[in-house]
Engineer: 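Please read through the structure below; I'll follow up with questions.
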Amino acid sequence: MLTPEQRSHFEVFGFLLFRQAIGARELDEIVAAGEEIWDAAKGTDEEMPQDIHCAPFLERSEYLAGLPEDDRFYGPIGELAGPGFTWGGSEGAWCRPGVDQTHPWHSDRVGEIELSYLRLKYMIYLQPMRKEEGALRVLPGSHRSALHRDLARRLQPSQGRLAENEFGLAGDQVPCHALEVEPGDVVLFNHYLFHSVYGKQEGRRYIAMKYAAPPRSEAQYEALVRHGQDAVRLHDTFRHSERPRIRAMVEPLLAWEWRLALANEA
C-alpha cells in the first residue's frame, strides 16, 4: 500500500521512485526473458544505429506477462486510479550503438484531453542510470494544468529543442529532478509529466508498463485510441486472458469497443 506521504508526493510532483522493488534473482529472470524478445527483434541488422523498441513487450513472454498483475505494481495503480482502471500496454527498449544520445523534453500525453484523466507509466530499468548517463529527468509538478500548458506551448512543438530559445539553456541544463536508479528500482510517473533523457548509455534497456483510469466518456476512450491503449491494440494473451486481474483491466476496454461498434452500426 502507498503511504499518505507517497500519495501526496505523487499528486503534487507527479512521480514516485520505489527503491529495490525487484530483487536480484528476480531481476536476472526478467532480464533473461527480455533478452529473448530483444534477440528475436534484432534479426540480422545488428549494426543498424537505432533503438530496438518492442511494443507490446511483456505480453510476448509467459513469465513477464505476470508483472502487470503483481501486487507491487497493480496495488499502487488501483490506489491512484481507482477501481476499473485499464491496461495500456507495455514496451521494451534496447539502445543500440550509435543511437541518438538524447530524448529531449516532452510530455507523452500533452494536449490530449483535460489533465484530470489519469494515465500512468512504470519504468523498470535494467542497469544503473545517472543524471548524465541516461537517467530519466522530470520537471516536478508539470502534470498540473498551469505549468503543463505553459511547457506544452514552449517545449512540445520541437521535442525540447526550443529550450535554448525559450530559457537561454541547452536542454540538458534545464532545472529538473534526475531519477537516478540502480537495477531493481522502479519509477512510476504521471503520463502528462514533462521528462527527458540525456547521455543515453549504449545498451540502455528498460521495460515500461502503462495503465489508465477507467474511461468515463467517449472522449477519454478516444484519447486511449490515439496512443494505442484501446481494445484494438490488446495483445491476444491479454484480450483472451482468464486471469482475474488481467480480465478486470481489459474488460472496460472491451466494453467500449463493443459500445462504439454498436453505435457505428446504428
Side-chain angles (χ1 to χ4, degrees), residues 15 17-22 24 26-61 63-65 67-68 73 88-109 120-139 155-156 158-161 163 170-174 176-189 191 193-210 227-228 235:
F15 66 92
L17 173 55
F18 301 101
R19 295 289 186 192
Q20 294 303 287
I22 301 172
E26 182 185 9
L27 190 67
D28 287 343
E29 294 172 345
I30 290 173
V31 170
E35 290 288 2
E36 289 185 8
I37 300 172
W38 281 311
D39 284 345
K42 291 175 187 176
T44 59
D45 297 324
E46 291 286 335
E47 301 304 318
M48 288 182 63
Q50 62 185 31
D51 282 341
I52 299 175
H53 184 271
C54 300
F57 186 75
L58 56 79
E59 294 94 326
R60 306 183 193 196
S61 163
Y63 175 72
L64 294 177
L67 290 177
F73 309 114
S90 69
E91 60 188 75
W94 185 84
C95 188
R96 305 177 87 166
V99 73
D100 185 358
Q101 300 299 302
T102 67
H103 196 180
W105 289 103
H106 67 286
S107 168
D108 291 340
R109 298 294 180 263
L120 310 102
K121 186 175 184 178
Y122 279 113
M123 302 290 289
I124 301 173
Y125 293 102
L126 305 182
Q127 63 269 103
M129 298 287 176
R130 298 294 176 262
K131 182 177 182 179
E132 306 300 335
E133 298 175 335
L136 186 71
R137 304 181 186 204
V138 299
L139 299 182
L155 294 183
Q156 192 74 12
S158 60
Q159 289 278 283
R161 293 181 178 89
D172 62 350
Q173 297 303 308
V174 171
C176 66
H177 180 72
L179 291 163
E180 297 188 334
V181 296
E182 295 292 336
D185 294 344
V186 175
V187 172
L188 172 64
F189 70 97
H191 229 160
L193 197 71
F194 273 80
H195 56 283
S196 67
V197 175
Y198 290 90
K200 288 182 184 178
Q201 305 172 34
E202 181 178 316
R204 178 180 184 267
R205 296 165 298 168
Y206 70 79
I207 297 171
M209 300 186 292
K210 293 171 279 190
H227 289 99
H235 193 277

Engineer: Measure the spacing between CG of L155 and OG of S196 and express it to the nearest 0.5 Å.
Structural biologist: 9.5 Å

Engineer: Would you say Q201's side chain and G134's backbone share a donor-acceptor pair under 3.5 angstrom?
Structural biologist: no

Engineer: Taking 4.0 angstrom as the limit, do R60 and E36 come out as a salt bridge?
Structural biologist: no

Engineer: Nearest heavy-atom pair of A55 and E91: which atoms, and what distance?
Structural biologist: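 Distance-wise, the nearest heavy atoms are CB-CB, 4.0 Å.
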
Engineer: Is there side-chain contact between V197 and T102, with heavy atoms separated by less than 4.5 Å?
Structural biologist: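 Result no, sub-4.5 Å side-chain heavy-atom pair not found.
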
Engineer: Using modelled atom types and a 3.5 Å cut-off, is there a donor and acceptor pairing between side-chain atoms of R205 and backbone atoms of Q127?
Structural biologist: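 No: the side chain of R205 does not pair with the backbone of Q127.
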
Engineer: Nearest 0.5 Å, please: how far is CZ in F73 from OH in Y122?
Structural biologist: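 Separation between the atoms: 7.0 Å.
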
Engineer: Please work out which of the three classes, parallel, tilted or perpendicular, describes the rings of W105 and Y198, given edges at 30° and 60°.
Structural biologist: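 Plane angle between 30° and 60°, so tilted.
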
Engineer: With E180, which of M129, K131, R137, E133 fulfils side chain to side chain contact (heavy atoms under 4.5 Å, CB included)?
Structural biologist: K131

Engineer: To the nearest 0.5 Å, what is the distance between CD1 (I22) and CG (D185)?
Structural biologist: 9.0 Å

Engineer: State, to 0.1 Å, how close F57 and L64 come at their nearest heavy-atom pair, and which atoms those are.
Structural biologist: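 Minimum heavy-atom contact is CE2-CD1, 4.0 Å.
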
Engineer: Using the side chain to side chain contact (heavy atoms under 4.5 Å, CB included) rule, pick out the option among V187, L179, V181 that qualifies with M123.
Structural biologist: V187

Engineer: To the nearest 0.5 angstrom, please state how far the CG atom of L120 sits from the CZ atom of F189.
Structural biologist: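 These two atoms lie 9.5 Å from each other.
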
Engineer: If you look at every heavy atom in S61 and A33, which pair is closest and at what distance?
Structural biologist: OG-CB, 3.9 Å

Engineer: Using every non-hydrogen atom in the two residues, find where I37 and C54 come nearest and quote the distance to one decimal.
Structural biologist: CG2-SG, 4.3 Å

Engineer: Do Q156 and S107 have a side chain donor and acceptor closer than 3.5 Å?
Structural biologist: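 Per modelled atom types, Q156 and S107 side chains form no pair under 3.5 Å.
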
Engineer: Residues two or more places apart in sequence or in another chain: which of them pass side chain to side chain contact (heavy atoms under 4.5 Å, CB included) with A65?
Structural biologist: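 By the side chain to side chain contact (heavy atoms under 4.5 Å, CB included) rule, A65 matches F238, R243.
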
Engineer: Identify the two heavy atoms, one from I30 and one from I207, that lie closest to each other, and give their separation to 0.1 Å.
Structural biologist: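 Minimum heavy-atom separation between I30 and I207: CG2-CD1, 3.7 Å.
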
Engineer: We want to know whether Y125 and E182 form a side-chain donor-acceptor pair, criterion being a heavy-atom distance below 3.5 angstrom.
Structural biologist: no

Engineer: Nearest 0.5 Å please: distance from the CG atom of L139 over to the CZ atom of F194.
Structural biologist: 8.0 Å

Engineer: Is the distance between the ring centroids of F15 and H177 under 6.0 Å?
Structural biologist: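 Ring centres of F15 and H177 closer than 6.0 Å.
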
Engineer: Any chance you could measure H106, atom NE2, to H195, atom NE2, to the nearest 0.5 Å?
Structural biologist: 3.0 Å

Engineer: Please tell me if the side chains of L67 and E26 come closer than 4.5 Å, counting only heavy atoms from C-beta onward.
Structural biologist: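 A side-chain contact under 4.5 Å exists here.
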
Engineer: Looking only at heavy atoms, which two atoms of P56 and H235 are closest? And how far apart?
Structural biologist: CG-CD2, 3.6 Å

